[in-house]
Amino acid sequence: MTSKANARTDRITRDDRLGFRLDEQTKGLIERAALLERRKISDYCLTAITDAARRTIAEHETLNLSEQDRAAFFEALINPPAPNERLARAFAEHGRRIGA
């Protein structure tokens with residue numbers, strides 16, 4: 001297979017659609033930005049939406065700790081406290097429910 005043929009098979013197909021309506025002012029803004037970057041409007045929008053989605057996911061899935069909190073977290077992992085009575089009861093109840 002030639003490298004050109006390989007490139008065609010490696011491409012991501014874009015079969016799914018995402019449609020939305022927007023006002024004329026917003027459309028003009030997007031068109032201007034795409035023109036400034038010398039990109040097609042659809043490519044510009046896809047990149048912008050994907051970047052925004054990645055940022056949103058990262059914000060919700062990333063935990064930022066202060067140095068003090070980080071130290072306390074790792075200390076608890078390395079030297080966990082002994083289970084208290086309430087935790088012991090919860091484990092016992094869990095074992096009873098699942099039959100372990």
- request: Of all the heavy-atom pairs spanning Thr56 and His60, show the shortest one and how long it is.
  value: O-CD2, 2.9 Å
- request: Might you point out which heavy atoms bring Cys45 and Ile30 nearest each other, and give the distance in Å?
  value: SG-CG2, 3.5 Å
Within 6.0 Å of CD in Glu24, more than 12 heavy atoms from elsewhere: no
- prompt: Is Lys27 salt-bridged to Glu31, cutoff N-O under 4.0 Å?
  reply: yes
- request: Determine, stepwise, if the pair Tyr44 / Leu36 fulfils side-chain contact (heavy atoms from CB on, under 4.5 Å).
  value: CA-CA 10 Å; Tyr44 178 83; Leu36 289 169; over 6 Å; no
field: Spacing of Ile41 atom CD1 and Arg32 atom CZ [to the nearest 0.5 Å]
entry: 14.0 Å
query: Rounded to the nearest 0.5 Å, what separation is found between the CG atom of Asp69 and the CZ atom of Phe74?
result: 12.0 Å
field: Atom pair CD1/CZ of Ile49 and Arg54 - distance to nearest 0.5 Å
entry: 12.5 Å
field: Residues Arg97, Glu93: salt bridge by 4.0 Å N-O rule
entry: yes
task: To the nearest 0.5 angstrom, please state how far the CZ atom of Arg55 sits from the OG1 atom of Thr62.
output: 13.5 Å
Common cluster, Leu65/Leu77, ILVMFWY with side-chain heavy-atom separation under 4.5 Å: yes
hydrophobic_cluster_shared for Leu63 and Phe73, side chain cutoff 4.5 Å: yes
- request: Keeping the roles fixed (side chain from Thr50, backbone from Leu46), state whether a donor-acceptor pair exists under 3.5 Å.
  value: yes
